[in-house]
2 protein chains.
Amino acid sequence: MSQPQTQFRSRCSIARTLDVLGDKWTLLVVRDLMWHGKHTFQELQASEEHIAANLLSERLKRLMALGLVAREAYQDRPVRYRYALTDEGRSLEVLLLQIMGWGHAHLGGGLFDPQTGRTVAEASLGGPQ
Amino acid sequence: MSQPQTQFRSRCSIARTLDVLGDKWTLLVVRDLMWHGKHTFQELQASEEHIAANLLSERLKRLMALGLVAREAYQDRPVRYRYALTDEGRSLEVLLLQIMGWGHAHLGGGLFDPQTGRTVAEASLGGPQ
DNA sequence: ATAGTCACTTTAATTTTGAAAGTGAGTCGC
DNA sequence: GCGACTCACTTTCAAAATTAAAGTGACTAT
């Protein structure tokens, strides 16, 4: 039981990161925990993109298994949890900023400023030029 | 036919980037085009991670539709193509470097130096600590 | 008691993926 | 000319992931 449980496709760091974060939802959950003050299951589920409950549940489990997210009960009877990034989870911020920058420059998405908590540039309506 | 053909889930730049690049294979194709001198269908298919031919075909189409990759025939009868990143495609290098850095630090993957074309740090065998 | 909240889990249809085999246009060896 | 081979895909089909919706269990509020 003390063996590493995660098997990777290859030794490549990019492939390993994609094994773990390479889907359409995981980083959006991280984004909401990181910048948008969403910490309960309900808040995370209510984001703009509307992740399905089963996927959110599964993604939170994965992120917890990876040590990127931790939860604590904020209430007993019934138990309710608050999810938060760990220090390791917070290390994803640079990655998120880079992805946001690229999406802004190339796909016309909005630009959020974590310092002020405000959207600095509006998204364009269409897709890429 | 001049309408933007890509529909995004939301205005968020991160969500848009994930709409387009958020899967387990696309960025590996970009990696191979960017750094590993793989430019034919066959070379791309033969990478360490063994992408299936149908997925490679579909991913190349998507990357071309996005203007990140272009191909040119390097031979007629039969026509054979060489795929290469466009300038816009090359703009993904910083992203790739960031992802590699994170995967190295947190998942024990290898570190590749694009300047020298060499692996600077070996991957560890197991998963994350 | 009845309705509502929250954090999920279950179910079932649809979509995506993955592995393998197949296709078409040609080249090579003999 | 014939069979074997290469390359760049496409097709097929089973398995896995996603989606939307409904259901569950433990409570709280009226």
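Each chain gets a letter, A, B and so on, in the order the sequences are listed, and its residues count up from 1.
- Atom P of nucleotide dA8(D) and atom NZ of K38(B) are separated by 14 Å, given to the nearest angstrom.
- Between L56(A) atom CG and dC6(C) atom P the separation is 15 Å, expressed in whole Å.
- Across residues 26-36 of chain A, not one residue has a non-hydrogen atom less than 4.0 Å from an atom of DNA chain C.
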What pairs of nitrogen or oxygen atoms, one from the protein and one from nucleotides 9-17 of chain D, lie under 3.5 Å apart?
{"unit_1": "dC9(D)", "atom_1": "OP1", "unit_2": "R71(B)", "atom_2": "NH1", "d": "3.3"}
{"unit_1": "dC9(D)", "atom_1": "OP2", "unit_2": "Y83(B)", "atom_2": "OH", "d": "2.3"}
{"unit_1": "dT10(D)", "atom_1": "OP2", "unit_2": "S57(B)", "atom_2": "OG", "d": "2.7"}
{"unit_1": "dT10(D)", "atom_1": "OP2", "unit_2": "K61(B)", "atom_2": "NZ", "d": "3.3"}

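- Note that OG1 of T17(A) is 9.0 Å distant from CG of L92(A), once rounded to the nearest 0.5 Å.
- Between the R16(B) side chain and the L107(A) main chain, a donor and an acceptor come within less than 3.5 Å of each other.
- Rounded to a whole Å, the CD atom of Q42(A) is 9 Å from the P atom of dT5(C).
- Following rounding to the nearest Å, E43(B) (CD) and dC7(D) (C1') show an atom-to-atom distance of 11 Å.
- In this model, the phosphate group of dC7(D) is not approached by any side-chain N or O of Y74(B) to a distance below 4.0 Å at OP1 or OP2.
- Checking W25(B) against V79(A), the closest nucleotide of DNA chain C that is more toward the 5' end is the one next to V79(A).
- Ion pairing of D23(A) with R59(A) is present here, as a side-chain N (NZ or NE/NH1/NH2) and a carboxylate O approach within less than 4.0 Å.
- The main-chain N or O of N54(B) is never found under 3.5 Å from a side-chain atom of E58(B) such that the two would form a donor-acceptor pair.
- Ring pair W102(A)/H106(A) is parallel by interplanar angle, where below 30° counts as parallel and above 60° as perpendicular.
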>> Evaluate E93(B) against W35(B) for side-chain hydrogen bond (donor to acceptor under 3.5 Å, both in side chains), listing each step before the verdict.
In response: CA-CA 9 Å; E93(B) 187 166 23; W35(B) 293 331; 2.8 Å; yes

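- Ion pairing between a basic and an acidic side chain is recognised when a charged N comes within 4.0 Å of a carboxylate O; R31(B) and E48(B) show no such pairing.
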> Stepwise, does the ring-ring contact (aromatic ring centres under 6.0 Å, His included) test hold for Y74(B) with H39(B)?
Replying inline: CA-CA 11 Å; Y74(B) 66 89; H39(B) 292 283; over 10 Å; no

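- Rounding to whole angstrom units, CD of residue Q75(B) and C1' of dG26(C) are separated by 8 Å.
- Here L97(B) contributes atom CG and M34(B) contributes atom CE; the two are 8.0 Å apart, rounded to the nearest 0.5 Å.
- Checked against dC7(D), dC27(D), dT18(D), the side chain of P78(A) finds its nearest nucleotide in dC27(D).
- We find that CD of E49(B) is positioned 16 Å from P of dT17(C), with the value rounded to whole Å.
- Counting any heavy atom pair closer than 4.0 Å across all strands shown, R80(A) reaches a base atom.
- Look at CD1 on I51(B): it is 13 Å from C1' on dA19(C), rounded to the nearest Å.
- Per the geometry, CG belonging to D76(B) stands 17 Å off P belonging to dC7(D), to the nearest Å.
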